[in-house]
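Comments concern the structure below.
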Amino acid sequence: GKPPRFSVNILPLPPKKLIGNMDREFIAERQRGLQTYLDSITQHPLLCSSLPVKKFLDPNNYSANYTEIALQQVSMFFRSDPKWEVLEPLRDMGWRIRKKYFLIKNKEQTKERYLLSWVDLGPDKFLSDKDLQSAMKLLTSLSIPYLCPLLFSSTSESSALLIRPFSEKGSLKDHICKVKPREIYLKKYCNPKKSQGLELSQIKLYGRQILEGLKLLHDGGVFHGHLHTSNVIVEDGVCRLTDVENGMLGVPSTLRPVFTQFRKINTTESIDVFCFGHLLYEMTYGRPPDSVPVDQHPTVPYTAVVSVLQSILSTEACKSGMPKVSELMQTPLFSDVQLQHSEKLQIKVPSRLKEALKTAKESLEKRLQEEQRVIHQHKRLTRAQSHHGSEEEKKRRKILARKVHNTETLFKLVTLLTITLHVNLFFCLSSGSGASSPPTCPSSPTPPSTTGMPVCLAVCVCMLKCLSVCLSVCLSLCFAQD
């Protein structure tokens, strides 16, 4: 079913105290509880990106008034193009902190409503200013059924301003959650009470249309990178991809923290397929997956859907790589869908711009792969440190240290016995060859010993047996299993 409702009730803070609230144990308990609370908030996919949380955790870097900055930029634009008029700011309609929305109208077409968005350029912006302007001009010229039209765009050194039609029916996510598009993002999506999955016929039709849109982009050398249910507009039974320009503007994907964990998801096309898997899951179950990989799926009567989800979101898929868009279109889930637009569609991209987009994609992928490499190394180091500090490993090291100590002691004993044996042999051989100490008194010579030789040999034999036992013990300790 649905994930647990996010509230303070499931994250209880340690109780307060009037007396004894300065005790060390009580303070430590409060600190642990607060840390758990903060961890839960920062791991929540919507709350972690909200401005209040960012301001609380990092007030120095999030102190600017982004709405005011956006209004200044928009006002400057309206001075140069007075045919547009702002009707109202759509506060917090989206999750991005540095992206603001305004409902506007054209003074020449007073009944139509348009959506103006202002956004900062991101760290993955690899197109030159000239190529970026060419790319935006291309997007504004497109008229394709599966892409939401972009009516106007203007870019500067640090930001972009975009105008597109405003859909009163909202996005695919609004449709799934059964909410109004103008409401605040967190209110709409953080805990939707009426959300539910779509019917199989809708999943098949919408999924195929979205794949058609992705294939058009990929064939034209354009990448999306930001596919999710909020970036799909549904009108008259047709899904249209929106915010295609985000990838060109260098804006980071909402799923970037997820796919950076998997080194096989390292191309723009594989990112789009991975995002499609999340979108398909949400269309099926009415909510995005709690975590990825997903190997156990809630029961649904659509086995064909689960098969496609497994090819994208399972552990095996994340390790081996994503299927291609064309392969997904040929699966039983989507292959028999009848589309309204049967004519062959394509995006004609000028050769110079296509080469610039290819170079930008390579730079983006290189940055992603480097980030994935650093994360992979950090994971390995963390696992090694965790293993090294575990109780089992500490116990194993103690046993090993004891074995080493015992082995060193036995080697010392063997060395001592060896030296003693050599000394005894020397004296035995000296006695056996007839050599003796000079007499201390000429008148009373000492008779030669007849028992020295056997006693000496007996001692040597005994010492040899001790050496053999010690060596056996040493070898058994050296080669014993941990």
Side-chain angles (χ1 to χ4, degrees), residues 49-55 58-110 112-142 148-167 171 181-186 224-226 230-231 233 242-254 256 360 364:
S49 58
S50 65
L51 186 57
V53 172
K54 297 279 191 182
K55 276 187 174 180
D58 191 2
N60 294 330
N61 289 323
Y62 293 93
S63 58
N65 189 330
Y66 299 107
T67 302
E68 190 64 32
I69 295 171
L71 279 170
Q72 292 173 4
Q73 297 283 337
V74 172
S75 299
M76 290 174 62
F77 162 70
F78 283 141
R79 289 195 197 111
S80 61
D81 195 344
K83 71 179 180 182
W84 299 101
E85 179 184 341
V86 173
L87 295 176
E88 62 174 300
L90 300 173
R91 299 184 183 278
D92 301 319
M93 193 180 82
W95 66 274
R96 292 189 188 278
I97 293 172
R98 294 180 175 87
K99 187 170 187 177
K100 299 300 175 183
Y101 297 91
F102 302 87
L103 189 67
I104 66 172
K105 72 174 183 178
N106 188 326
K107 293 178 182 179
E108 300 170 359
Q109 300 171 336
T110 55
E112 296 294 328
R113 296 294 178 262
Y114 301 92
L115 182 68
L116 182 147
S117 57
W118 173 87
V119 61
D120 270 350
L121 302 183
D124 282 327
K125 185 252 181 186
F126 293 107
L127 287 172
S128 67
D129 292 343
K130 184 178 180 180
D131 289 330
L132 179 59
Q133 289 175 1
S134 299
M136 302 305 289
K137 185 178 179 181
L138 170 70
L139 292 180
T140 55
S141 67
L142 294 179
C148 187
L150 184 64
L151 304 178
F152 177 86
S153 67
S154 174
T155 58
S156 66
E157 292 181 356
S158 60
S159 62
L161 185 146
L162 310 137
I163 298 176
R164 52 174 43 95
F166 178 74
S167 174
S171 66
R182 297 195 195 189
E183 291 181 357
I184 296 173
Y185 188 81
L186 287 178
H224 195 298
H226 298 77
S230 291
N231 280 347
I233 301 297
T242 186
D243 283 23
V244 175
E245 71 280 351
N246 277 358
M248 301 173 183
L249 299 175
V251 178
S253 169
T254 182
R256 187 179 181 87
L364 186 151

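Taking every heavy atom of both residues into account, Pro252 and Pro123 meet most closely at CD-CD, 4.0 Å. Scanning both residues, Ala64 and Ile69, for their nearest heavy atoms gives CB-CD1, 4.2 Å.
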Fill in: Derivation and outcome, side-chain contact (heavy atoms from CB on, under 4.5 Å), residues Val244 and Leu139
CA-CA 8 Å; Val244 175; Leu139 292 180; 4.3 Å; yes
Worksheet item: Where do Leu161 and Val74 land on the side-chain contact (heavy atoms from CB on, under 4.5 Å) test, with the steps shown first?
Response: CA-CA 8 Å; Leu161 185 146; Val74 172; 4.2 Å; yes
Fill in: Residues Phe152, Phe77; criterion side-chain contact (heavy atoms from CB on, under 4.5 Å); working and verdict
CA-CA 12 Å; Phe152 177 86; Phe77 162 70; 3.2 Å; yes
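In summary, of the residues considered (Ile163, Leu150, Leu151), a side chain to side chain contact (heavy atoms under 4.5 Å, CB included) with Thr140 occurs for Leu150 alone.
The pair Asp131-Lys137 does not meet the salt-bridge criterion, since no charged nitrogen lies less than 4.0 angstrom from a carboxylate oxygen. Note on Asp120 versus Lys100: no salt bridge recorded, every NZ/NE/NH1/NH2 to OD/OE distance being 4.0 Å or above. Using a 4.0 Å cut-off between charged nitrogen and carboxylate oxygen, Asp92 and Arg96 do not count as a salt-bridge pair. Remark: Arg164 engages Glu245 in a salt bridge, criterion side-chain N to carboxylate O under 4.0 Å.
At least one side-chain heavy atom of Lys105 sits under 4.5 Å from a side-chain heavy atom of Arg113. Within the 4.5 Å cutoff, the side chain of Phe78 has no heavy atoms near those of the Met76 side chain.
If you take OG on Ser158 and CZ on Arg98, they are separated by 11.5 Å, rounding to the nearest 0.5 Å. Separating the CD atom in Glu157 from the CG atom in Leu132 is a distance of 12.0 Å, to the nearest 0.5 Å. Residue His224 holds its NE2 atom at 9.5 Å from OG of Ser253, rounded to the nearest 0.5 Å. Going from atom CG of Leu51 over to atom NZ of Lys55 covers 5.0 Å, rounded to the nearest 0.5 Å. Atoms CE and OG, from Met93 and Ser117 in turn, are 8.5 Å apart once rounded to the nearest 0.5 Å. Put simply, CG on Leu116 and CG on Leu162 are 7.5 Å apart, with the number rounded to the nearest 0.5 Å.
Ring-centre distance between Tyr114 and Trp84: below the 6.0 Å cut-off.
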